[in-house]
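Here is the structure we will look at.
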Amino acid sequence: MKHILFVCLGNICRSPTAEAVFRQRVQQRHLEQQIRCDSAGTSREHSGEAPDPRAVAAARRRGYDMSSLRARQVRVEDFEQFDLVLAMDKQNLANLQRLAGPEYRHKLKLFLSFADGDANTNGDSTGQEVPDPYYGGPDGFDHVLDLVENASDGLLDHLTGSAAP
Ligand code: 4NP
């Protein structure tokens with residue numbers, strides 16, 4: 001069994017979107033007994049809240065259900081219990097690196113390191129990050145979904161051993 005944790009700042013926009021998208025792919029491939037996922041935020045500001053209605057609506061338009069998800073903050077036990085802790089951006093990754101003991105740092109990665117194409121470009125300030133859509137317009141939530149779908153496919157290929165070399 002592999003346990004994957006998706007992490008953003010508030011756990012109401014990006015990481016619950018990743019949880020819903022990735023879980024649907026796991027279910028479609030009947031891998032629920034091999035792969036489990038959850039999401040959390042580095043901040044506790046929105047703990048207990050349902051996801052942002054804009055994220056829920058954008059996800060629903062593509063057939064993903066986020067309605068049962070509730071925000072929670074990252075816990076130190078997460079670093080032991082999860083096999084991979086995948087941050088949506090570099091700030092969240094830096095915060096996780098500060099929280100996790102050195103024995104767990106190898107579990108921490110940027111989620112978009114599993115994406116291909118433009119979603120995984122190195123060398124510019126936006127490469128490998130899922131941009132925070134909270135203060136932007138509705139297009140931001142569709143962009144999050146595009147990136148999350150891409151990286152979810154790559155992550156599933158990685159976990160099932162069918163990734164391109
Ligand atoms: P998330 O988005 O980290 O993708 O859940 C945000 C949610 C809330 C805030 C910022 C980003 N906020 O500042 O309250």
- Kindly determine whether D52 and V56 satisfy side chain to side chain contact (heavy atoms under 4.5 Å, CB included), including the steps that lead there. CA-CA 6 Å; D52 188 300; V56 175; over 6 Å; no
Please answer: with hydrophobic residues joined when any side-chain heavy atoms are less than 4.5 Å apart, are [X] and [Y] in the same cluster?
X: L86; Y: L31; value: yes
X: L99; Y: L93; value: yes
X: I12; Y: L69; value: no
X: Y104; Y: L110; value: yes
X: F141; Y: L145; value: no

Whether the side chain of [X] engages the backbone of [Y] through a donor-acceptor N/O pair (distance < 3.5 Å, no angle test) should be reported.
X: D83; Y: H3; answer: yes
X: K2; Y: C37; answer: no
X: Q73; Y: S47; answer: no
X: R105; Y: A100; answer: yes
X: N150; Y: A115; answer: no

Nearest heavy atoms of [X] and [Y], plus distance in Å:
X: Y134; Y: C13; value: CD1-SG, 3.9 Å
X: H106; Y: E103; value: CE1-O, 3.0 Å
X: C8; Y: S15; value: SG-OG, 3.0 Å
X: L112; Y: L147; value: CD2-O, 3.8 Å
X: N11; Y: A71; value: OD1-CA, 3.1 Å

Is [X] salt-bridged to [Y], cutoff N-O under 4.0 Å?
X: D153; Y: R25; value: yes
X: D157; Y: R29; value: yes
X: D146; Y: R62; value: yes

- Please say whether more than 12 non-hydrogen atoms of neighbouring residues, nucleotides or ligands are located less than 6.0 Å from CD in Q27.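 Counting neighbours around CD of Q27, more than 12 heavy atoms of other residues, nucleotides or ligands fall under 6.0 Å, so yes.
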Would you check if [X] and [Y] make a side-chain contact, meaning some heavy-atom pair closer than 4.5 Å?
X: R72; Y: R75; result: yes
X: F82; Y: I4; result: no
X: P133; Y: H143; result: no

When rounded to the nearest 0.5 angstrom, what is the spacing between [atom1] in [X] and [atom2] in [Y]?
X: T17; Y: F6; atom1: OG1; atom2: CZ; value: 11.0 Å
X: H46; Y: R44; atom1: NE2; atom2: CZ; value: 12.0 Å
X: L159; Y: L155; atom1: CG; atom2: CG; value: 4.5 Å
X: M66; Y: E19; atom1: CE; atom2: CD; value: 8.5 Å
X: E32; Y: Q28; atom1: CD; atom2: CD; value: 10.0 Å
X: K107; Y: D78; atom1: NZ; atom2: CG; value: 10.0 Å

- Task: Any chance you could lay out the side chain to side chain contact (heavy atoms under 4.5 Å, CB included) test for R70 and E49, step after step, and finish with the verdict?
- Result: CA-CA 5 Å; R70 295 294 178 269; E49 291 181 20; over 6 Å; no
- Message: Let's go through L9 and D89 carefully: what are the C-alpha distance in whole Å and the side-chain angles of both, what is the deciding distance for side chain to side chain contact (heavy atoms under 4.5 Å, CB included) to 0.1 Å, and is it a yes or a no?
- Response: CA-CA 9 Å; L9 177 64; D89 64 35; 6.0 Å; no
- Query: Where do F111 and R14 land on the side chain to side chain contact (heavy atoms under 4.5 Å, CB included) test, with the steps shown first?
  - Reply: CA-CA 11 Å; F111 181 36; R14 292 165 292 176; over 6 Å; no
- Is the charged tip of R23 near the ring of Y64: under 6.0 Å from the six-membered ring centre and within 45° of its axis?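 That pair does not qualify as a cation-pi contact.
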